Structures are given as structure tokens and as C-alpha cells.
Amino acid sequence: MSATVKSGEAVGPEAGKGRATGARRVRAVRTKGGLSVRLDVRATAVGLLLLAVALAAAVALIGSGDYPMTPSEVLAALTGGGDAGQQYIVHDLRLPRVLVGLLVGVAFGVSGAVFQTVSRNPLGSPDVLGFAQGSSVGALAAIVYFQADAFGVAAGAVAGGVGTGIAIFLLAWKRGIHGYRFVLVGIGASAMLYAMVLFLMTKANIVEATRATTWMTGSLNGRGWDQVEPLAAVCAVLVPLLLFFGRPLRMLEMGDDAAYALGVRVDRVRIVVLLTAVVLVAAATAAAGPISFVALTAPQLARRLALPRWLKGGGGAPMPGPNLVLSGLMGAVLLVAADWASQRLFGADQLPVGVLTGVLGGGYLLWLLATERKAGRV
């Protein structure tokens, strides 16, 4: 491969001021087959760093527990070494839980970036817009009315999330889907669905209510290969599909008129990416429950890490573009790190990971609202 643009070349409004300004540097790499790829140097470095952190956190999480293991012992067991006990602990007990955490984090991060990009609002995430509540209603209905097993609860969660997405699209549609109307309809739907959750809880007996409460908290406890395989299949299909629409999504951030002028079929792109993101959220919620605030915080943190210094003015506005890969990696880091913290930082009282992400995410939401208000955007 040969680079067609020098590695130090700056791109953006400060391009002429040299390296001292911290301008955004882009490399164009062309393969022998004629395929040309533009790589943002800073974003690529941040992506590799997040990938390394996610893998390191996964190894640390596998090695923690009542039977602690060193990183070298974990890696040996993963590659076929170690004794029979270590093999059983790693492959049958801990590895599925960690893989579910990584996949759910990627799914929430990518889908959150899609929602925030389409709505052009940093508050546009599945948690706020009602999709997680829709999945909760579906799962609770399966528990209360059908006494469903784990597969039935997962199917109810997917059906509830997808049904909620379709309903919100129809209510928000008026010669297309526009950001603020979509957010407002989603917030209203979230309130109504939360009321339905409370209603279903009043209809449940003590056993069903306990089971429903545990599921609604969001947890990776007890997750096995039965959750890993279907979620991996969904992510393998839907995440690349969303990455394929990365360029049209970046153009949508410039406004509908500009996107139309550049040849983007705006309404078609919105419908496809939103429906795909809804199914991805529903599948992740079915696997681990409605773990809150990961989809909200991951895209924003990823953008700020990849933000060149010359874009950090104007109230700390995030870098343009959905940054789907970085958002997915950040989601995986946040979820696996939160799961490790929920197991290790509270002594014998291990918390469900959804409790910790809810506390931290709520604080982040207050900070984000204050920042947006200070910048005059809310």
C-alpha cells in the first residue's frame, strides 16, 4: 500500500497553520486494487487504544472472581493451556459473560451514535427515546402473562423494542423524520411505556416481580453461550450494515438540503439506519436487560477523545461524523469496565452492572445538560 497524502498534512480550517495548531491530520491510503481509504490519524490511534483497553479489561474481568487468575493464566487457558479447572472456569463460566458484555457494549455504542447523528441531538439515545422501555414492556409481558422462559423473555424484549421503534417512526413521520420531532415523540413514548412497566409490575406475583426487577436492572450475571451466539450473529450482520452507511450519516449532519445535493436519499437512509439500530438495541437488551446510559455516553466520550484541538472551541462541540467504530469500542470499554467495578469495588455485595452505569450515566447526563445549556443548544 502507498500513502497518497503525506502523514503530516492537515485538513480543516486551521490547515495552513502547521502542526502547532493541532489540526486534524488525514492519511489517504490506496491499495494495489485501486481502493482508496482516508484515515484520520488521531481517530485511528484512539480506536487502537480503545481496542487495547477493551481487551485488557476483558482479560482482567475473566481473571477476577472467587477463583482469581493472573492475566498469563487467563491467556493460557484461552489458547488451550492450563489445567482442566482453569479451562472450565474460563470457557464455561467467565468467557461467555465477558463476550456478552463486549457485544452489548458495541451494540449500544453503535446504535447510540446512529440515534444521536440522525436526531442531531446528544440526548438522542435509546434510553431517552423509549426503545429500552419498549423492550422492558415486551419482556415483562412475557414474564407476567406467559410465564416465559429465558428464550421467551428475550423474544418479548425484541418484539417490544422493534414494535416501539415502528410506533415512534409512524408518530414522528411528517414528510420525513426530523430530529427534534423524533426526540420529542420518543420522550413522550418513554413516559407512556414506563407507566406500562409499572402497571405490569402491579399485575405480577412476588416471584414474577422479583424476576422482572432483576431483568430490568440490567445484568451480565448468569450469561452463557445461549446469549452469546444469537447476539454475535445479530452484531455480525447489523454492525457492518450500519458502518456501510457511515458516509451518508456524516452528510446528514450537514442538513437535509446539503445531503440531497450530495446525492443522499435522506428519508431512505434515515429509515434503514434507524430500523437497523432499533433491532440492534432490542437484541442487546434481550441479552443483558436494559443497561442504561451506555448508548448515551459512549458516542459522546468517543467523539471527545478523537476531537482535534482546533475543534474544541464553541462549547466543546463534538467532532462531526457518527464515529461508529469508536462509539462501539467505547461502549465495550465502558460496559466491561463497569462490570469489573461492580464485582470488585463493593466487597461481598456485587451489584448488577446496570446499577453502576445508571449512577455514573445519570451524573454524566446532568453534566451534558449543563454543557448544552451553557452553549445555548437547549
Side-chain angles (χ1 to χ4, degrees), residues 57 101 104-116 119 121-137 139-140 157 161 164 182-184 186-198 201 212-221 277 281 284-285 288-305 315-318 327-328 330-347 349-375 377-378:
V104 169
V106 169
F108 281 149
V110 172
S111 60
V114 169
F115 281 114
Q116 292 177 13
S119 64
N121 191 320
L123 299 178
S125 77
D127 318 82
V128 178
L129 301 182
F131 299 100
Q133 288 81 356
S135 295
S136 297
V137 169
L140 287 181
T164 299
F182 181 68
V183 171
L184 291 175
I187 292 174
S190 177
M192 295 177 63
L193 290 166
Y194 181 68
M196 293 181 65
V197 168
L198 296 179
M201 291 294 288
T213 302
T214 302
W215 186 89
M216 288 175 51
T217 303
S219 175
L220 298 177
N221 293 334
V281 169
T285 304
I291 298 175
S292 58
F293 290 112
V294 175
L296 175 68
T297 58
Q300 294 297 312
L301 294 177
R303 290 185 181 195
R304 281 168 170 78
L305 282 178
S327 299
M330 178 59 75
V333 169
L334 289 177
L335 194 51
V336 174
D339 192 37
W340 180 88
S342 66
Q343 292 186 57
R344 306 301 298 171
L345 300 184
F346 300 94
D349 299 324
Q350 294 187 7
L351 296 178
V353 66
V355 174
L356 189 59
T357 60
V359 171
L360 298 178
Y364 175 81
L365 178 59
L366 293 175
W367 175 84
L368 181 61
L369 287 171
T371 302
E372 293 294 304
R373 181 182 180 186
K374 183 177 179 181
R377 289 189 286 267
V378 295

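Quantities reported herein were computed from a predicted structural model and do not represent experimental measurements. When reading the values below, keep in mind they use all heavy atoms of this one structure, side chains included, and skip hydrogens, waters and symmetry mates. Residues: numbered from 1 along the sequence shown.
- Note on ring orientation: taking the six-membered ring where Trp is involved, the planes of F182 and F131 are tilted (angle from 30° to 60°).
- L296 contributes atom CG, which lies 4.5 Å from atom OG of S125 (distance to the nearest 0.5 angstrom).
- Annotation: the span from T285 atom OG1 to Q133 atom CD amounts to 9.5 Å, rounded to 0.5 Å.
- Looking at residues two or more places apart in sequence or on another chain, you find a side chain to side chain contact (heavy atoms under 4.5 Å, CB included) between M196 and V137, L193.
- Here the shortest heavy-atom pairing between M201 and A212 reads SD-CB, 3.9 Å.
- From Q300, atom CD reaches atom OG of S327 across 8.5 Å, with rounding to the nearest 0.5 Å.
- For the pair L360 and F293, the minimum side-chain heavy-atom distance is 4.5 Å or more.
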Legend entry - Intermediate values then yes/no, side chain to side chain contact (heavy atoms under 4.5 Å, CB included), M330 and L305: CA-CA 10 Å; M330 178 59 75; L305 282 178; 3.3 Å; yes
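- Put simply, OG1 on T297 and CG on L334 are 5.0 Å apart, with the number rounded to the nearest 0.5 Å.
- Separation of atoms CG (D339) and CG (L356) is listed at 9.5 Å; rounding is to 0.5 Å.
- Residues G101 and V336 share a closest heavy-atom pair of C-CG2, 4.2 Å.
- Under the rule for a side chain to side chain contact (heavy atoms under 4.5 Å, CB included), the partners of A157 that lie at least two apart in sequence or sit in another chain are S135, A139, W215, A286.
- The side chain to side chain contact (heavy atoms under 4.5 Å, CB included) test with V353 singles out one residue from N221, I291, V104, and that residue is I291.
- Taking the side chain as every heavy atom from C-beta outward, F108 and P126 never approach each other to under 4.5 Å.
- Pairing each heavy atom of T164 with each of G130, the nearest pair is CG2-O, 3.6 Å.
- Residue S190 comes nearest to V128 through the heavy atom pair CB-O, 3.6 Å, listed as atom of the first residue, atom of the second, then distance.
- Listed here is the closest heavy atom pair of P352 and G218: CB-O, 3.6 Å.
- By the side chain to side chain contact (heavy atoms under 4.5 Å, CB included) test, A189 pairs with I168, sequence neighbours left out.
- Smallest separation of non-hydrogen atoms from D127 and S292: OD2-CA, 3.3 Å.
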